[in-house]
Amino acid sequence: MPTSPRAPRGMHDVLPEDADLIRFIRDTAERVARLYDYRQITTPIVEDASVFLHTAGDESDIVQKEVYLFEDRGGDRLALRPEGTAAACRAYIEHGMSSRPQPVRLFYFGPFFRYDRPQAGRYRQLTQFGVEAIGTDSPAADAELIDLQLTLYRELGFPADELILRINSIGTAETRRRYAEVLTAHFQPHLGTLSRDSQRRFETNILRILDSKEDAAHPAVIVAPNILDYLSEDDAAHFEAVKSHLDALDIRYEVDPRIVRGLDYYARTVWEVEPPGAGGQSTIGAGGRYDGLIEVLGGPSTPAVGFATGIERIALNMRERGLGSTEEAAPDVVTIPLGEQGALAAARAAAILRAAGVSVRNGLPGRSMKAAMRGAGVSGARYALIVGDAEAEAGTVVLKPLRGDEEQRTVAIDDLGAWGAATATVGL
RNA sequence: GUGGGUGUGGCCUAGCGGUUAGGGCGUCAGGUUGUGGCCCUGAAGAUCGGGGGUUCGAAUCCCCUCACCCACCCCA
């Protein structure tokens with residue numbers, strides 16, 4: 001027996017009962033973005049592979065293992081987009097947005113793809129909401145984006161003081177080069193006592209030793225030099241300004257010098273937002289400055305800052321906390337057609353009601369009345385609309401309330417529109 | 001990429017060497033002639049993820065494989 005196909009590994013169907021929550025998050029995100037005057041950009045799900053390969057550094061794990069790469073029939077090398085920022089920047093350059101008022105404020109919402117091993121909160125197809133301010137180096141923009149991001153979480157129902165915002169400044173690529181040298185000198189004598197992972201990181205990405213889970217309590221990690229001590233004067237001033245803005249907005253944060261980013265185009269501010277006490281894949285959103293990215297993509301040197309947040313992780317957290325609406329979608333009216341003429345009249349009645357803004361499930365003919373009524377009861381509808389041959393003949397329908405103790409009554413089919421309009425505005 | 005756990009009808013699950021593989025939810029149909037949500041009755045639906053072994057006999061033991069989950073790694 002051949003097994004029937006399943007959704008690809010790490011990819012999921014969003015069933016109707018889950019769709020409401022996702023839509024709520026999406027609507028809220030878009031509403032909040034517009035509150036801050038950001039406008040939507042939608043880019044293709046597929047990009048020329050170079051958009052992501054050049055920006056991620058050709059040698060890194062990211063490219064080697066985690067990007068869905070393929071060649072199309074014309075021989076072009078394409079990639080399923082793994083993130084939104086590079087694509088937004090590509091569009092910024094391609095459409096000459098540097099000649100629009102700066103910064104260009106953009107947001108996006110959509111699917112992304114990473115060939116990772118799935119686990120809690122990590123999927124191969126994921127949904128992200130991201131916001132970017134391209135064309136400004138103002139620390140006020142960094143703070144605005146942090147504020148926007150936290151506002152989104154608050155609007156979704158997360159208690160304001162529950163989420164932890166951690167921020168850091170990583171200076172420029174030059175800063176990190178100098179800092180990495182200092183770290184190398186610092187960890188060299190302790191190499192033997194560090195975990196295998198950290199030993200590997202010592203070679204590949206030494207900054208990552210700082211957020212190793214295994215060596216978090218290692219004395220050498222605890223007393224490691226702080227990147228903030230290696231910032232240039234300008235970068236330090238920028239970071240101070242970001243913090244001042246956050247203070248002015250009453251945003252609580254924790255400076256965490258262990259937050260780092262590997263790639264060269266990152267600069268200055270980086271931040272992460274995490275729910276308390278969560279496990280493995282806990283960060284629900286992260287952001288930072290990428291002053292060097294546009295240039296890497298062949299555009300003019302343009303400072304920019306942005307963040308992205310994972311919708312599935314937000315949904316996961318919301319469900320754990322019982323946030324979001326739990327109301328099941330139900331039609332307002334379910335029709336109960338009986339007999340051939342009744343079925344025709346029921347369909348007409350349904351059309352009239354829908355035109356008036358009432359949602360109607362038109363019952364299909366052929367079931368016993370008992371079964372049809374049972375279905376109407378289970379559906380959660382407010383009214384059953386019974387139409388048999390007799391009613392069809394008389395040009396009427398029977399309107400039976402399914403909740404409360406209102407009596408059922410007979411209504412002329414010609415009056416249904418008015419009834420529908422009236423009840424629809426009252427919200428039934 | 002590494003390690004651990006799990007895998008029985010649509011969903012939850014009992015069974016852990018010999019059962020016609022049991023139950024709950026759900027679905028569908030009935031409970032007299034055109035009126036629901038509760039209740040009652042009945043039906044459909046699984047060969048126990050897949051493959052290979054051990055055994056007189058396997059859902060139950062072993063091996064392989066796949067998938068899912070969890071953690072590590074990675075996290076643009």
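Reckoned from all heavy atoms, side chains included, excluding hydrogens, waters and symmetry mates.
In the displayed structure, Gln408(A) atom CD is contacted under 6.0 Å by more than 12 heavy atoms of other residues, nucleotides or ligands. Dense packing is recorded around CD of Glu94(A), with more than 12 heavy atoms of other residues, nucleotides or ligands lying under 6.0 Å away.
Contact annotation for Glu272(A): no contact, since no heavy-atom pair falls under 4.0 Å across all strands. Counting any heavy atom pair closer than 4.0 Å across all strands shown, Tyr290(A) reaches no nucleic acid atom. The residue Arg9(A) sits close only to the backbone: its heavy atoms come under 4.0 Å of sugar-phosphate atoms, none of a base. Among the heavy atoms of the strands lying under 4.0 Å from Arg6(A) are primed sugar atoms or P, OP1, OP2 only; no base atom is included.
OP1 or OP2 of rA29(B) lies within a sub-4.0 Å distance of a side-chain N or O belonging to Arg367(A). At the phosphate of rU2(B), neither OP1 nor OP2 sits under 4.0 Å from any side-chain N or O atom of Arg196(A). For Gln119(A) and rA71(B), the shortest distance from a side-chain N or O to OP1 or OP2 is below 4.0 Å. Close to rA29(B), at under 4.0 Å from its OP1 or OP2, lies no side-chain N or O of Lys370(A). Dashed line: the shortest gap from a side-chain N or O of Arg200(A) to OP1 or OP2 of rC74(B) is under 4.0 Å. Dashed line: the shortest gap from a side-chain N or O of Arg81(A) to OP1 or OP2 of rA76(B) is not under 4.0 Å.
Between Tyr265(A) and Tyr290(A), a ring centre-to-centre spacing not shorter than 6.0 Å is recorded.
Taking the P atom of each, rC28(B) and rC68(B) are spaced 31 Å apart, rounded to whole Å. Taking atom C1' on both nucleotides, rA44(B) is separated from rU27(B) by 9 Å, rounded to a whole Å. The separation of rU6(B) from rC63(B), taken at their P atoms, amounts to 13 Å, rounded to a whole angstrom. Between rG9(B) and rG22(B), the distance separating the two P atoms is 14 Å to the nearest Å.
Listed candidates were rU35(B), rA67(B), rC69(B). Nearest to the side chain of Pro118(A) is rC69(B).
Look at rG30(B): its Watson-Crick or wobble partner, with both distances under 3.5 angstrom, is rC40(B).
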N/O to N/O distances under 3.5 Å, protein versus nucleotides 41-45 of chain B:
none

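In the model, Glu144(A) has a side-chain atom that pairs as donor or acceptor with a side-chain atom of Tyr38(A) under 3.5 Å.
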